[in-house]
Amino acid sequence: MEQGISLSEALKNGLKQSLKVIIKIIKIMVPVYIIAQLLDYYEILAQISVYLEPLMRWFGLPGSAAIVLLLANGINIYAGIGALGALSLTSKQITILAIMVTTSHSLIIETAILKTIQIPRWFHLLFRIGMMLVLGFVLNLVWRS
Amino acid sequence: MAKVLTFIKDFLLPTLLSLGMMLLKIIVIITLILVTIEVLKALKVLQWINKKIYVITKYLGISPSASFPLLVGLIIGITYGAGVILMSYKQQEMNKKDVLLVSVFLCLCHAIVEDTLLFAAFGSITWVVIVVKLVVAFTTTMLVNLILKLIEHRQLAKNPD
């Protein structure tokens, strides 16, 4: 392993490494972020959530909570939480929603990020969305309030 | 013309502003983390932390040097975690199996401090969120490790050389 590396050398190494990672992340994030924002601006995301009402019953959540899942998954966790303020949910519902959202969110960006460490897109998407749905369903089933 | 102006005012400016803020935040955090890691490495603190964490993370089937990227991702987030994973992988401190197992864990459980606190502000039960997420991430990663081992054994049985 590296022996006797001085602190200033470590600092230089760290800055060099950061620059590389930052350039990589900017290349991915800038186009993706703008596209996701466009989808939100033209209300395409809002239109899709109407169709998700029946699905949300499986998790003990109202149909409107689909907006949180959609925004969190389509844009990021902050977008999802922004919509959360408009809903009135019980603490059980918010806890289930929190576990679902923190399990699967920012899919466009995080799929691209995980692609940089060679995690296939299809695997990441299936795994995240699948685990989110299973967790929501099981928690609602097990949790008797 | 008016349409273009409203587009710029309602979409372009706020989007670019929030994008800039996000990138600024990411740049600061990534630089802080990667520099801190290099300094910790130089001071050999990393090996010490790894050994301590490894008592728990060895059950996931990852090598000792993979536990730090796991810790970074778990606490700070997947973007930063992936950056550290990429760096460790390039420096050959992690193998492919480590990358997969750490990724599976981090997919299910990352940025646990920030994300959990955001939802707590809206009335979620914090300990339930944290316990459920950690238990699910641990068991799923152990399961994936078990499956990988079975595949390895089967391939060894087929080509015994």
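Proteins get letters first, then strands, A, B, ... in listed order; numbering begins at 1 in each.
Formation of a donor-acceptor pair under 3.5 Å by the Arg128(A) side chain with backbone atoms of Leu108(B) is not found in this model.
The greatest number of non-hydrogen atom pairs below 4.5 Å with chain B, out of Ser106(A), Ala98(A), Ser104(A), is found for Ala98(A). The candidate from Val39(B), Thr126(B), Leu106(B) with the greatest count of non-hydrogen atom pairs under 4.5 Å with chain A is Val39(B). Contact count versus chain B (heavy atoms, under 4.5 Å) is highest, among His105(A), His124(A), Lys92(A), Met132(A), for His105(A).
Of the atoms belonging to Gln118(A), it is side-chain heavy atoms, and not backbone ones, that fall under 4.5 Å from chain B. In this structure, no portion of Thr36(B) lies under 4.5 Å from any heavy atom of chain A. Only the side chain of Glu110(A) comes within less than 4.5 Å of a heavy atom of chain B; its backbone N, CA, C and O stay farther away. In this structure, chain A has heavy atoms under 4.5 Å from both the backbone and the side chain of Val104(B). No part of Ile96(A) comes within reach of chain B, as not one of its non-hydrogen atoms sits under 4.5 angstrom from that chain. Leu114(A) touches chain B through its side chain: at least one heavy atom from C-beta onward sits under 4.5 Å away, while N, CA, C and O do not. Of the two parts of Leu89(A), neither the backbone nor the side chain holds a non-hydrogen atom closer than 4.5 Å to a non-hydrogen atom of chain B. Heavy atoms closer than 4.5 Å to chain A are found in the side chain of Val132(B), but not in its backbone.
With rounding to the nearest 0.5 Å, the separation of CZ in Phe123(A) from SG in Cys107(B) is 7.0 Å. One distance of note links CD1 of Ile109(A) with CD1 of Ile78(B); it measures 12.0 Å at 0.5 Å rounding. Interatomic distance, CD1 of Ile27(B) versus CD1 of Ile23(A), reported as 10.0 Å (0.5 Å rounding). With rounding to the nearest 0.5 angstrom, the OG1 atom of Thr31(B) is 3.5 Å from the CD1 atom of Ile22(A). For the atom pair CE of Met87(B) and CD1 of Ile117(A), the computed distance is 13.5 Å after rounding to the nearest 0.5 Å.
Cluster annotation: Leu141(A) is connected to Phe59(A) through the hydrophobic network of ILVMFWY side chains, with a link wherever side-chain heavy atoms come within less than 4.5 Å. Side-chain heavy atoms closer than 4.5 Å link hydrophobic residues (I, L, V, M, F, W, Y) into clusters, and following such links, even through other members, never connects Met142(B) to Leu146(B). In the hydrophobic cluster analysis, where Ile, Leu, Val, Met, Phe, Trp and Tyr join through side-chain heavy atoms closer than 4.5 angstrom, Leu126(A) is grouped together with Leu69(A). One hydrophobic cluster, built from ILVMFWY side chains closer than 4.5 Å, cannot hold both Leu150(B) and Leu60(B); they sit in different ones. Cluster annotation: Ile119(A) is connected to Trp122(A) through the hydrophobic network of ILVMFWY side chains, with a link wherever side-chain heavy atoms come within less than 4.5 Å.
Heavy atoms from other residues, nucleotides or ligands lying under 6.0 Å from CH2 of Trp143(A) number more than 12. A 6.0 Å sphere centred on NZ of Lys115(A) holds more than 12 heavy atoms belonging to other residues, nucleotides or ligands. Counting non-hydrogen atoms of neighbouring residues, nucleotides and ligands closer than 6.0 angstrom, the CZ atom of Phe7(B) exceeds 12 such neighbours.
Residues Ile94(A) and Gly123(B) come closest through the heavy atom pair CG2-C, 4.1 Å. Taking both residues in full, the closest heavy atoms of Gly14(A) and Val35(B) are given as C-CG2, 3.8 Å, listed atom of the first, atom of the second, then distance. When all heavy atoms are compared, the tightest approach of Thr102(A) to Lys133(B) is OG1-NZ, 3.0 Å. When all heavy atoms are compared, the tightest approach of Thr95(A) to Ser124(B) is OG1-CA, 3.5 Å.
Contacts between residues 94-102 of chain B and chain A, defined by a heavy-atom separation under 4.5 Å, are made by Lys96(B), Val99(B), Leu100(B).
Relative ring orientation between Phe11(B) and Tyr41(A) is described as tilted, the plane-to-plane angle lying within the 30° to 60° band.
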task = Begin with the C-alpha distance, continue with both residues' side-chain angles, and end with the deciding distance and a verdict on side-chain contact (heavy atoms from CB on, under 4.5 Å) for Phe127(A) and Val144(B).
result = CA-CA 12 Å; Phe127(A) 184 60; Val144(B) 172; 5.6 Å; no
Exercise for the section: Go through the steps to decide whether Gln17(A) and Lys90(B) satisfy the test side-chain contact (heavy atoms from CB on, under 4.5 Å), and finish with yes or no. Expected result: CA-CA 11 Å; Gln17(A) 295 284 0; Lys90(B) 283 204 173 138; over 6 Å; no
